[in-house]
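Below: the structure, in structure tokens.
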2 protein chains.
Amino acid sequence: MALVGTGDSASDAGRSLAERLFLILRAEIVEGQVAPGSKISEPELARRFNASRGSLREALMRLESLGLLERRVNVGARVVDLSERGLLELYDMREALEGMACRLAAEQRTEDDLVELRQMLDHHEQQEELQAGKAYFQPEGDFDFHFRLVQASKNDLLIDTLCNRLYYRVRMYRYQLGMASPRARRAFREHSHIIEAIEAGDGELAELLMRRHIRASRINIENKLR
Amino acid sequence: MALVGTGDSASDAGRSLAERLFLILRAEIVEGQVAPGSKISEPELARRFNASRGSLREALMRLESLGLLERRVNVGARVVDLSERGLLELYDMREALEGMACRLAAEQRTEDDLVELRQMLDHHEQQEELQAGKAYFQPEGDFDFHFRLVQASKNDLLIDTLCNRLYYRVRMYRYQLGMASPRARRAFREHSHIIEAIEAGDGELAELLMRRHIRASRINIENKLR
DNA sequence: CGCCCCTAGATTGTCGACAATCCTATTAAA
DNA sequence: TTTAATAGGATTGTCGACAATCTAGGGGCG
């Protein structure tokens, strides 16, 4: 009876109503359709999706555990506030975790990992040449790259932490701050060097290069904010 | 009407029933009173605590987001299974994150941080001398140390990830594998060196030492498992 | 005029019941 | 004997309603 998923699309199969609400709301928050810091009204959202408050609350709690919502007892839920400090905290986390992911990827790499990462890199190079440095699609491409690379670490806990817990917040910041990245050309070269280190099985170098890559991106953002 | 918290203890003030259930169950899982891999029955637990299934489900979902439970739709929740692989994954995460925490702590340190860490270290030394290497209480003391050190990083995201997300699982493994640690004396010296680096404001060294410290502990565990 | 208390409205927390789904044991057929 | 289908029982997902708590606005007091 719920409005959500009446299209009965394949992606809804085996998913509970609460989970579908969670996916919808996550996208809306990440893409900024719900303003950061704004209050979430349970009755209002429940009416909007034609769902019970119970199912909605489950979705809200999942969003809280992702760090996209903040809930306080007897008060309610708010979308997280974006702050410069929060963004820099994210970068420190990414530097540590993606650095480790690169080290592990270099040690645990399979042929499939290398092939797919290479393909992705080539694809980005094509796009980048076509767009001569503008690189409108680069941000999402950048995500694909980091996402795929983290998978290659084979550490499920690390993968979950980065891909399910941190990246959605990173994307939220990108949507809010605008997606333009003047580092496209340079970022591409850095990606390329990281892959080379992983191909060579040099975990220490791969970690070092990734940490520099993320720190460079952080400095780029810091300059932009002033 | 619920059994939980009828003592009306101060710690229950301002906490919802679901949150108290969460705290109780978390302790029981971490300490092994509920066996790893065992199934969780919602009706059974609800009867035991004299609470509704709704409140209990909220507690279960929080446990899931901590990685202590695994829930599958229309099937139910199970306590996570402990595995050698899972333990090693935890160590890789800790190496990356606590290393970063040390670097940040060295850069952001306050006088309070240094004083408290020193006191803790002295306290451990006393205990350790008294017990001549046996160090029954060392595991929890070790936790106090790492816990306090992470706080000094001042990175809320990092603090939350380590203290609320990873450490409970680490403690779960320790309870399950037995708490004895033959590294007490050596671990103490390593802690001491880490503090010195933080006092000196040498972030790079502090990170390096912490990563070695955790890796040594990992190797110690690996040897024990064979 | 400013501050505090109190009432009214709305929102959140909690509960019990119904419907949908899954697991198990039994039965029948190959 | 083994396999597959099926019915029964139990468990999970979802819902609407009630009780507890918070927030906002008005009135009284210093």
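Since the structure is predicted, the reported quantities are computational estimates derived from the model, not experimental observations.
Between the side chains of N220(A) and S217(A), no donor N or O sits under 3.5 Å from an acceptor N or O.
Between the CD atom of E44(B) and the P atom of dT11(D) there is a distance of 9 Å, given to the nearest Å. The separation between L60(B) atom CG and dT11(D) atom P is 14 Å, rounded to whole Å. If you take CZ of R78(B) and P of dC23(C), they are 10 Å apart, rounded to a whole angstrom.
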**Message:** At under 4.0 Å between heavy atoms, how does the protein contact nucleotides 9-14 of chain C? Give one character per nucleotide, 5' to 3', with B, S or -.
**Reply:** ---BBB

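If you take NZ on K154(B) and CG on L104(B), they are separated by 10.0 Å, rounding to the nearest 0.5 Å.
For E111(B), the CD atom is loosely surrounded, since the number of other residues' heavy atoms within 6.0 Å does not exceed 12.
Applying the side-chain hydrogen bond (donor to acceptor under 3.5 Å, both in side chains) test to pairs two or more places apart or on separate chains, none has a residue in residues 67-81 of chain B. Residue pairs that meet the ring-ring contact (aromatic ring centres under 6.0 Å, His included) test with at least one member in residues 147-167 of chain A, sequence neighbours left out, are F143(A)-Y167(A).
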